[in-house]
Amino acid sequence: MEEKKTILTGIRPTGNLHLGHLFGAVGNWVKSQENYNEFIEIADVQALTDNFNNPDKVRKNVRELTLDLLACGIDPNKATLFIQSRIPEIAELTVYYSNLVTIARLERNPTVKTEISQKKEIFGQKGEGITYGFLGYPVSQAADITAIGGTLVPVGEDQLPLIEQAREIVRKFNSIYGETLKEPEHMLSNIPRLKGLDGNEKMGKSLGNAIFLVDDDETVTKKVMDAMTDKTKIHKDDPANPDVCMVYYYHKLVSKDNLDTICKECKEGKRGCIQCKKELAKNMIEFLKPIKERRKYYEDNPEKVDMILKEGSQKARYRAMETMSNVKKAIKIDYFED
Ligand code: TRP
């Protein structure tokens with residue numbers, strides 16, 4: 001039998017997951033855990049590049065994120081969940097990879113470039129606030145991927161330049177030190193981006209237009225009732241265009257049974273927005289229910305969560321140690337048997 005390919009993906013523990021994460025990324029990870037050898041990294045070291053002055057936030061969110069991922073259906077018997085900082089080999093690899101990347105190349109990385117300009121808006125044009133650690137995070141991400149031997153990396157479009165950078169590092173490493181590392185490839189998701197409740201192209205925490213998986217029923221209802229609809233519809237029986245309505249957009253995700261009816265009634269002016277939103281809220285709450293139930297189970301069994309992270313990190317570490325041993329040989333720093 002052919003060996004399963006290894007997937008490595010990562011996520012920063014900086015807040016709770018929302019529907020954008022679920023539909024854009026995590027839902028795919030839940031599917032791919034069936035057919036791949038899947039590793040999911042909780043990237044606490046990477047989160048600290050932006051949040052080094054707020055360790056409490058990162059610490060708390062490692063737990064929250066783990067609960068959210070398990071709630072979404074990541075099955076610890078199928079996928080391996082691990083914490084980045086528990087794998088010191090990743091930090092070690094980062095040091096050696098740092099020699100293979102120029103500062104100019106890092107500054108040219110489109111993802112980094114966008115983040116730098118956002119930071120400059122906050123910190124002023126002089127670039128204060130851009131740390132060495134931040135500029136180098138693509139190098140550390142290349143180490144994440146290659147340490148585990150990930151050949152497939154499921155990411156959103158904004159992460160593509162980081163995967164390209166990792167590929168370059170691997171090629172350079174292999175060309176200098178001999179064929180040692182595997183070049184990773186990206187896997188793009190079908191819904192790279194979920195629109196926000198306000199119609200914004202992206203659902204995001206900082207945009208204030210997200211439904212979080214931990215939102216209680218009342219909050220979900222309130223958010224749905226405030227969602228953007230076809231602005232040209234004034235009266236309950238005006239015909240409207242569902243294609244510009246966020247309520248219909250989310251109906252498409254969670255109300256699969258009567259979609260045609262919803263669409264038709266909306267177009268014919270036979271469906272008031274309030275009724276339509278109430279139905280969506282009900283379906284959304286129903287959709288979130290099994291997710292909440294799984295979360296509750298793990299919240300009530302914290303020692304299970306500890307075990308999942310501990311064992312997952314142990315398993316990931318064995319792979320990283322193997323990679324590190326090959327890397328040391330290649331760089332000729334394998335002075336003694338470990
Ligand atoms: N940079 C990714 C993000 O911000 C998180 C991440 C860390 C990652 N390490 C990774 C993604 C390795 C893919 C592979 O979402």
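In this text the structure is predicted, and so the values were computed from the model without any measurement. Just follow the structure's listing: the first ligand is 1, and inside any ligand the first atom is 1.
- Among all heavy-atom pairs drawn from P184 and G150, the shortest one is CB-O, 3.7 Å.
- At the top of the distance list for atom 4 (O) of ligand 1, counting protein heavy atoms only, stands R12 NE, 3.3 Å.
- Between F287 and F23, the ring-plane angle classifies as parallel under the 30° and 60° cut-offs.
- The shortest N or O to N or O distance between Y137 and ligand 1 is not below 3.5 Å.
- Atom OH of Y249 is surrounded by more than 12 heavy atoms from other residues, nucleotides or ligands within 6.0 Å.
- The atoms of ligand 1 that sit less than 4.0 Å from any heavy atom of L8 are 12 (C), 14 (C).
- Taking each heavy atom of K233 and D238 in turn, the nearest pair found is NZ-O, 3.2 Å.
- Among all non-hydrogen protein atoms, the one lying nearest atom 7 (C) of ligand 1 is Q46 NE2, 3.3 Å.
- Taking a cut-off of under 4.0 Å to the non-hydrogen atoms of A43, the atoms of ligand 1 that pass are 7 (C).
- Counting protein heavy atoms only, atom 2 (C) of ligand 1 is closest to Q159 OE1, 3.3 Å.
- Checking N326 against T323 by side-chain atom types alone, no donor-acceptor pair falls below 3.5 Å.
- Here the heavy atom of the protein found nearest to atom 9 (N) of ligand 1 is D144 OD2, 2.8 Å.
- Annotation: atom 14 (C) of ligand 1 to nearest protein heavy atom, V153 CG1, 3.6 Å.
- If you run side chain to side chain contact (heavy atoms under 4.5 Å, CB included) between L22 and each of L213, L17, L288, D68, only L213 comes through.
- By the criterion of a heavy-atom distance under 4.0 Å, the side chain of E41, and not its backbone, is placed next to ligand 1.
- Here H21 pairs with H18 under the ring-ring contact (aromatic ring centres under 6.0 Å, His included) rule; sequence neighbours left out.
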